[in-house]
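Numbering of ligands and ligand atoms starts at 1, following listing order. In what follows, every heavy atom counts, from backbone to side chain, and hydrogens, waters and symmetry copies are set aside.
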Amino acid sequence: MQSRKRVLVKFSGEALAGETGFGIEDSILKFIACEIKELILNDIEVGIVIGGGNIMRGALAAKGGLIKRTSGDHMGMLATVINAIAIQEALESYGLDVRVQSAIQMEAFCETYIMRRAQRHLEKGRVVIFAAGTGNPYFTTDTTAILRAVEIDAQMVIKATKVNGVYDKDPKKFDDAVFLSTLSYDDAMKDSIKVMDDTAIALAKDNALPIVVCNMFESGNLLKIIQGDTSLCSIVKN
Ligand code: UDP
């Protein structure tokens with residue numbers, strides 16, 4: 001029986017890259033490791049899904065016409081494994097116990113995703129990083145985050161972004177943009193808002209899984225939000 005809080009945190013690949021938009025920055029890995037360590041020290045079970053956009057996106061790879069979309073997506077999924085290994089190193093350097101589980105078998109690098117094994121790791125206080133997306137092309141790591149969260153019975157998915165939460169329109173373009181502290185799944189799918197892709201939101205809605213959108217670069221945010229401070233984020237729920 002799961003008694004502790006269990007959350008799934010989704011980081012985009014781009015977040016790891018910092019200003020350059022490409023590659024992986026040590027300072028960001030360290031920041032993430034500190035934030036995740038705080039959660040573990042506070043007895044919170046943590047799963048992580050990491051994107052791959054700092055290295056490769058299938059749709060982008062296929063743009064030139066030479067690389068098929070499916071191959072591009074395979075490349076994108078491999079990019080998430082690169083990022084997962086980097087985060088694993090960072091977390092371990094802060095003394096955390098970590099397992100990477102890949103949706104695609106890659107036994108020289110990491111475990112293959114097995115739901116029950118992931119749950120055992122979480123119960124033992126290990127951080128589990130879910131890599132290689134869903135293992136299927138035409139999906140995103142946002143959808144992966146919702147899927148894995150539902151599978152492991154997480155109480156929420158936290159989409160860690162560069163902004164404080166969700167606005168009714170782009171605050172960079174519109175002065176009258178309104179901050180939305182809560183919104184419905186249907187609102188979250190609107191083109192002007194688009195918290196995640198429709199597949200991800202539909203899966204969250206079907207399973208009444210709350211999606212929390214917050215600023216990952218505010219130190220202490222993740223812990224405060226999980227402990228119930230809803231002033232620091234937007235929440236998508238029924
Ligand atoms: N991807 C995929 N299937 C999945 C998850 C990801 O094919 O289940 C591929 C897809 O090409 C995607 C890339 O991996 O563009 C990187 O993931 P994503 O774009 O979600 O990363 P993020 O935007 O979060 O960095």
Side-chain angles (χ1 to χ4, degrees), residues 7-25 28-29 31-32 35-36 47-88 90 100-106 109-110 112-115 118 128-152 157-163 166 188-189 193-204 207 209 211-217 222 236:
V7 301
L8 191 137
V9 187
K10 160 75 206 299
F11 295 104
S12 77
E14 266 169 34
L16 298 186
E19 294 301 308
T20 62
F22 187 82
I24 301 170
E25 254 190 39
I28 295 178
L29 287 177
F31 182 82
I32 288 177
E35 297 301 292
I36 299 295
I48 294 175
V49 166
I50 175 71
N54 54 325
I55 301 170
M56 182 55 69
R57 284 183 209 279
L60 196 65
K63 236 182 173 173
L66 180 68
I67 297 171
K68 286 195 205 77
R69 169 65 191 265
T70 44
S71 297
D73 282 340
H74 292 159
M75 293 155 71
M77 285 186 265
L78 288 171
T80 72
V81 180
I82 294 174
N83 287 334
I85 291 171
I87 296 180
Q88 179 179 40
V100 175
Q101 287 208 342
S102 167
I104 293 165
Q105 200 173 345
M106 237 176 271
F109 297 158
C110 54
T112 302
Y113 174 64
I114 297 174
M115 185 194 74
V128 182
I129 308 173
F130 300 102
T134 61
N136 300 291
Y138 297 104
F139 287 93
T140 64
T141 51
D142 279 351
T143 299
T144 310
I146 304 294
L147 176 64
R148 294 291 182 247
V150 171
E151 287 181 282
I152 63 168
V157 165
I158 302 179
K159 185 171 162 108
T161 70
K162 293 176 185 169
V163 291
V166 183
M189 279 191 210
I193 296 179
K194 273 270 176 243
V195 169
M196 289 180 171
D197 59 276
D198 290 355
T199 311
I201 306 245
L203 188 58
N207 292 283
L209 175 72
I211 305 169
V212 176
V213 183
C214 72
N215 187 342
M216 62 173 274
F217 291 106
L222 291 180
V236 183

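- Residue contacts with ligand 1: Arg57 is placed with a nitrogen or oxygen under 3.5 Å of a nitrogen or oxygen of the ligand (distance criterion only).
- Other residues, nucleotides and ligands contribute only 12 or fewer heavy atoms inside 6.0 Å of the CZ atom of Phe109.
- Of all the atoms in ligand 1, the ones that sit under 4.0 Å from a non-hydrogen atom of Gly51 are 21 (O), 22 (P), 24 (O), 25 (O).
- With rounding to the nearest 0.5 angstrom, the CZ atom of Phe130 is 14.0 Å from the NZ atom of Lys10.
- Residue Gly13 has at least one heavy-atom neighbour below 4.0 Å for each of these atoms of ligand 1: 22 (P), 24 (O), 25 (O).
- Rounding to the nearest 0.5 angstrom, the gap separating the CD1 atom in Ile48 from the CD1 atom in Ile32 is 7.5 Å.
- Nearest protein heavy-atom neighbour of atom 9 (C) of ligand 1: Asp73 O, 3.6 Å.
- At least one N/O-N/O distance between Thr134 and ligand 1 falls below 3.5 Å.
- Ranked by closest heavy atom to atom 5 (C) of ligand 1, the top entry among Asn83, Thr70, Thr140 is Thr140.
- Atom 1 (N) of ligand 1 has its closest protein heavy atom at Phe139 O, 3.4 Å.
- Residue-to-ligand polar distances place Gly52 within reach of ligand 1: an N/O pair is separated by less than 3.5 Å.
- More than 12 heavy atoms of other residues, nucleotides or ligands shown are found within 6.0 angstrom of NZ on Lys194.
- To the nearest 0.5 Å, atoms OG1 (Thr143) and CE (Met196) are separated by 8.0 Å.
- In terms of modelled atom types and a separation under 3.5 Å, the side chain of Asp73 and the main chain of Asn136 share no donor-acceptor contact.
- At a heavy-atom distance under 4.0 Å, only backbone atoms of Asn136 (N, CA, C or O) approach ligand 1.
- The protein atom (non-hydrogen) at minimum distance from atom 14 (O) of ligand 1 is Gly76 C, 3.2 Å.
- Not a single N or O atom of Gly133, backbone or side chain, sits closer than 3.5 Å to an N or O atom of ligand 1.
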Give the intermediate values and the outcome of side chain to side chain contact (heavy atoms under 4.5 Å, CB included) for residues Thr199 and Thr140.
-> CA-CA 9 Å; Thr199 311; Thr140 64; over 6 Å; no
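- The Gly53 neighbourhood of ligand 1 comprises atoms 21 (O), 22 (P), 25 (O), with distances under 4.0 Å to a heavy atom of that residue.
- At least one N or O atom of Lys10 sits closer than 3.5 Å to an N or O atom of ligand 1.
- For a threshold of 3.5 Å applied to N or O pairs, the pair formed by Gly58 and ligand 1 contains at least one separation below that value.
- A distance of 9.0 Å separates NZ of Lys159 from CD1 of Ile146, quoted to the nearest 0.5 Å.
- Side-chain contact annotation: Thr144 with Thr141, donor-acceptor N/O pair under 3.5 Å absent.
- Each of the atoms 7 (O) of ligand 1 lies under 4.0 Å from some heavy atom of Pro137.
- At the shortest separation from atom 20 (O) of ligand 1 among protein heavy atoms lies Thr141 OG1, 2.5 Å.
- Not a single heavy atom of Ala79 sits under 4.0 Å from any atom of ligand 1.
- Within the structure, ligand 1 has Met56 among the residues with a heavy atom less than 4.0 angstrom away.
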Begin with the C-alpha distance, continue with both residues' side-chain angles, and end with the deciding distance and a verdict on side chain to side chain contact (heavy atoms under 4.5 Å, CB included) for Leu222 and Cys214.
-> CA-CA 8 Å; Leu222 291 180; Cys214 72; 4.0 Å; yes
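- Of the inter-residue distances, the one linking Ile28 atom CD1 with Glu14 atom CD reads 11.0 Å to the nearest 0.5 angstrom.
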